[in-house]
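Chain letters run A, B, ... following the sequence lines, proteins first, then strands; residues in each count from 1. Predicted model only: the values in this text are computed from it and were never measured.
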Amino acid sequence: MKWVDQETYLEIFPPKEFNFEECLVFLGRSEQEVLHQIQDKHVLKLLKIGQELILFKIGGNSQILRIEFPSEVPSKKEREQVANFVWEWFDLERDLTYFYKISQSDKILGPIVQKYSGLRIMGIPDLFEALVWAIIGQQINLTFAYTLKKRFVEKFGESITFGGKTFWVHPTFQKIASLEVDDLRDLQFTMRKAEYVIGIAKAMASDELSKEALLKEQDFQEMHKSLTAIRGVGAWTADYVIMKCLHHPAAFPIADVGLHNALKLQLGLDRKPSIEEIKEMAVNWEGWQAYATFYLWRSLYEQAI
DNA sequence: GTCCAGGATACTG
DNA sequence: CAGTATCATGGA
């Protein structure tokens, strides 16, 4: 991680192939997002480190990210954790050279990689948050998924209010582990989704499930197997979490409806491609399926504007 | 009113 | 073991 602690603010130096504005576009895709806010080309986010709630604001360009603390400057140790979080959130450890190289000769990826050059997979570093978001999003439209997430966060998360705006952190698994199914059904979770989310919270509270343990597995197949062993986590959810939280670039949520729609649009098809057809399109994406998927999602978002 | 949503599981034959 | 029903609600 390349960064400098300037005491009252931080500077982070991303690798090449980075475009802050492209990342901002993705972060700003929903009006209903509650876990960060976009204001005047800056992102504001609240993070809980230990017992402290830390509000920070990111601005920048392709060369540098500058992180400020509008409310209160945290301790040196906390500042380092904020820098670590941002580094992971923007997937800055990843070298995209090879992805861009294989994209050049790819009919599908070529145009979109050029168009959205510098976009990085915006992650969900918190495992519980990643799993909950994936489960909420199963088989419902994204607008409704955001509505459910907002209710969930505002009911069980923590917040601070600063400058007339309220900032939220995602509920902890410790808190959700103590809930009953009806607590989530009240928010219009389905019975099954309520059970899945509470079950996962309990597994994490008892340390049967943790990000550290999953990352130690090192092998993509093993991670996938461990995740799909969890009730409520099928292949799509496992790939989504491996992509957004465990940062494995070969994760491929191939059954994703958004992916299907993006491919249909890019190729001008009159129907969505089949799984088999997608496998053929993706032969040259080997090792980079997660980035291919993320860029295709990005192409879909622009269409919605 | 109809169809489909960033799927997964339980049930059925 | 493969196909089918069910979940539950919103948006187009």
Might you list the N or O atoms of the protein lying below 3.5 Å from N or O atoms in nucleotides 2-4 of chain C, with each pair's distance?
none

Original post:
How long is the span from the CG atom in A/Asn261 to the NZ atom in A/Lys272, to the nearest 0.5 Å?
Top reply: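 So the gap between those two atoms works out to 5.0 Å.
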Subject >> Distance in Å, A/Leu215 CG paired with A/Leu246 CG, rounded so as to fall on 0.5 Å steps >> reply: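 So the gap between those two atoms works out to 5.0 Å.
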**OP:** Using modelled atom types only, decide if a donor and an acceptor are shared between the side chain of A/Arg120 and the backbone of A/Phe90 within a distance under 3.5 Å.
**Re:**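 It does not hold such a pair.
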Subject >> Residue list, side-chain contact (heavy atoms from CB on, under 4.5 Å) with A/Glu276, at least two apart or on another chain >> reply: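 A/Glu276: side-chain contact (heavy atoms from CB on, under 4.5 Å) contacts with A/Ser274, A/Lys279.
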Interatomic distance, [X] [atom1] vs [N] [atom2] [rounded to whole Å]:
X        : N      : atom1 : atom2 : value
A/Phe189 : C/dT6  : CZ    : P     : 24 Å
A/Lys150 : C/dG10 : NZ    : P     : 15 Å
A/Leu148 : B/dA5  : CG    : P     : 18 Å
A/Tyr196 : C/dC7  : OH    : P     : 12 Å
A/Lys193 : C/dG10 : NZ    : C1'   : 12 Å
A/Ile200 : B/dA8  : CD1   : P     : 11 Å
A/Arg185 : C/dT9  : CZ    : C1'   : 11 Å
A/Leu300 : C/dA12 : CG    : P     : 14 Å

**OP:** Would you please test A/Thr143 and A/Gln32 for side-chain hydrogen bond (donor to acceptor under 3.5 Å, both in side chains) and show each step?
**Re:** CA-CA 8 Å; A/Thr143 308; A/Gln32 296 192 85; 5.3 Å; no
Just to be sure I understand the rule, does [X] reach a base, reach only the sugar-phosphate, or reach nothing, if contact means heavy atoms closer than 4.0 Å?
X        : result
A/Leu187 : nothing
A/Ala134 : nothing
A/Thr237 : sugar-phosphate

Original post:
Between B/dA10 and A/Arg231, is there an OP1 or OP2 to side-chain N/O distance shorter than 4.0 Å?
Top reply: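 Yes, such a contact exists.
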With sequence neighbours excluded, residues passing salt bridge (Lys or Arg N to Asp or Glu O under 4.0 Å) with [X]:
X        : answer
A/Glu33  : A/Lys149
A/Lys41  : A/Glu21
A/Arg185 : none
A/Glu277 : A/Arg271

Those residues of [range] lying under 4.0 Å from DNA chain B by at least one heavy atom:
range                       : answer
residues 135-146 of chain A : A/Gly137, A/Gln138, A/Gln139, A/Ile140, A/Asn141, A/Leu142
residues 239-253 of chain A : A/Tyr240
residues 266-287 of chain A : A/Lys272

Original post:
Honestly, is A/Lys244 close enough over A/Trp133, meaning NZ or CZ under 6.0 Å from the six-membered ring centre and within 45° of the axis?
Top reply: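 Judged by the rule, A/Lys244 and A/Trp133 form no cation-pi pair.
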**OP:** Determine which pairs satisfy ring pair (Phe, Tyr, Trp, His ring centres under 6.0 Å) with at least one residue from residues 207-239 of chain A, sequence neighbours left out, and list them in order.
**Re:**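 Matches after skipping sequence neighbours: A/Phe220-A/His248, A/Trp236-A/Tyr240.
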**OP:** Any side chain to side chain donor-acceptor pair (under 3.5 Å) involving residues 50-65 of chain A? Give me the pairs, sequence neighbours left out, ordered by first then second residue.
**Re:**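 Listed once each, the pairs would be none.
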Subject >> Residue list, ring pair (Phe, Tyr, Trp, His ring centres under 6.0 Å) with A/Phe26, at least two apart or on another chain >> reply: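 For A/Phe26, the residues satisfying ring pair (Phe, Tyr, Trp, His ring centres under 6.0 Å) (neighbours in sequence not counted) are A/Phe294.
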Original post:
For DNA chain C, whose closest nucleotide is more 5', that of A/Thr147 or that of A/Arg192?
Top reply: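 The 5'-side residue here is A/Arg192.
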**OP:** Go through the steps to decide whether A/His260 and A/Ile275 satisfy the test side-chain contact (heavy atoms from CB on, under 4.5 Å), and finish with yes or no.
**Re:** CA-CA 9 Å; A/His260 301 174; A/Ile275 299 293; 3.9 Å; yes
